[in-house]
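For the numbers below, each heavy atom of this structure counts, side chains included, while hydrogens, waters and symmetry mates do not. The model shown is predicted, which means the values in this text are computed figures rather than measured ones.
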Amino acid sequence: MTLDILIIDEALAVGDVQFQYKCFARLQEFLDAGSTMILVSHSPQILIRMCNRLLVMEKGEIHTDSTPEISVNAYERLLY
């Protein structure tokens, strides 16, 4: 058994729509195979679409560890 972990840091914010679609399709295949992805992003839409668990960090500490929707709301409350 191999354990694959993919770490992505803001890489999905680049490229045209076709490139992004291709990336999302490949990432979904990776997740469907049972692999783990750590995705660093400030895009709520990407995080909600791609994640089933989301951590919000503040000053090096975990602020929220929950569903994407709850965590995105917590992140937005921190910002505003």
Side-chain angles (χ1 to χ4, degrees):
M1 179 177 139
T2 62
L3 178 62
D4 292 320
I5 300 175
L6 178 63
I7 302 172
I8 302 173
D9 185 3
E10 293 289 352
L12 298 175
V14 299
D16 60 18
V17 174
Q18 241 179 353
F19 174 78
Q20 289 181 8
Y21 178 79
K22 188 175 175 182
C23 288
F24 285 123
R26 178 63 185 107
L27 291 174
Q28 193 59 56
E29 289 174 15
F30 182 80
L31 294 172
D32 290 345
S35 299
T36 299
M37 177 174 57
I38 299 172
L39 174 60
V40 179
S41 179
H42 291 92
S43 169
Q45 297 85 6
I46 290 174
L47 294 170
I48 289 171
R49 176 179 176 183
M50 298 303 300
C51 300
N52 57 19
R53 176 180 171 202
L54 200 123
L55 301 177
V56 176
M57 305 289 292
E58 181 183 32
K59 298 178 183 172
E61 302 288 327
I62 295 174
H63 177 274
T64 308
D65 177 356
S66 190
T67 66
E69 292 82 2
I70 289 171
S71 294
V72 163
N73 287 335
Y75 174 71
E76 289 176 347
R77 280 194 305 276
L78 285 174
L79 288 179
Y80 307 110

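The hydrophobic cluster containing Leu54 also contains Tyr80, counting ILVMFWY residues as joined when their side-chain heavy atoms lie under 4.5 angstrom apart, directly or transitively.
A 4.5 Å side-chain heavy-atom check between His42 and Tyr75 finds at least one atom pair inside the cut-off. Annotation: side chain of Arg53 is not in contact with side chain of Thr67 (no heavy-atom distance under 4.5 Å). The closest side-chain heavy-atom distance from Ser41 to Met50 is not below 4.5 Å.
The only member of Ile38, Leu27, Ile46 that meets side-chain contact (heavy atoms from CB on, under 4.5 Å) when paired with Ile8 is Leu27.
Between Leu39 and Cys51, the shortest heavy-atom distance links the atoms CD2-SG, 4.2 Å. Here the closest heavy-atom approach between residue Val72 and residue Ile48 is recorded as CG2-CG1, 4.0 Å. Closest of all the heavy-atom pairs between Phe30 and Thr36 is CE2-O, 3.2 Å. Residue Thr64 comes nearest to Ser71 through the heavy atom pair CG2-OG, 3.5 Å, listed as atom of the first residue, atom of the second, then distance.
Environment of CD in Glu61: sparse, with no more than 12 heavy atoms of neighbouring residues, nucleotides or ligands closer than 6.0 Å. When the shell of 6.0 Å around OH of Tyr21 is examined, it contains 12 or fewer heavy atoms from other residues, nucleotides or ligands.
Residue Gln28 holds its CD atom at 8.0 Å from CZ of Arg49, rounded to the nearest 0.5 Å. Interatomic distance, Met57 CE to Leu78 CG, rounded to the nearest 0.5 Å: 12.0 Å.
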How far apart are the C-alpha atoms of Phe24 and Gln20, what are their side-chain angles, what is the distance that settles it, and do they pass the side chain to side chain contact (heavy atoms under 4.5 Å, CB included) test? CA-CA 6 Å; Phe24 285 123; Gln20 289 181 8; 4.2 Å; yes
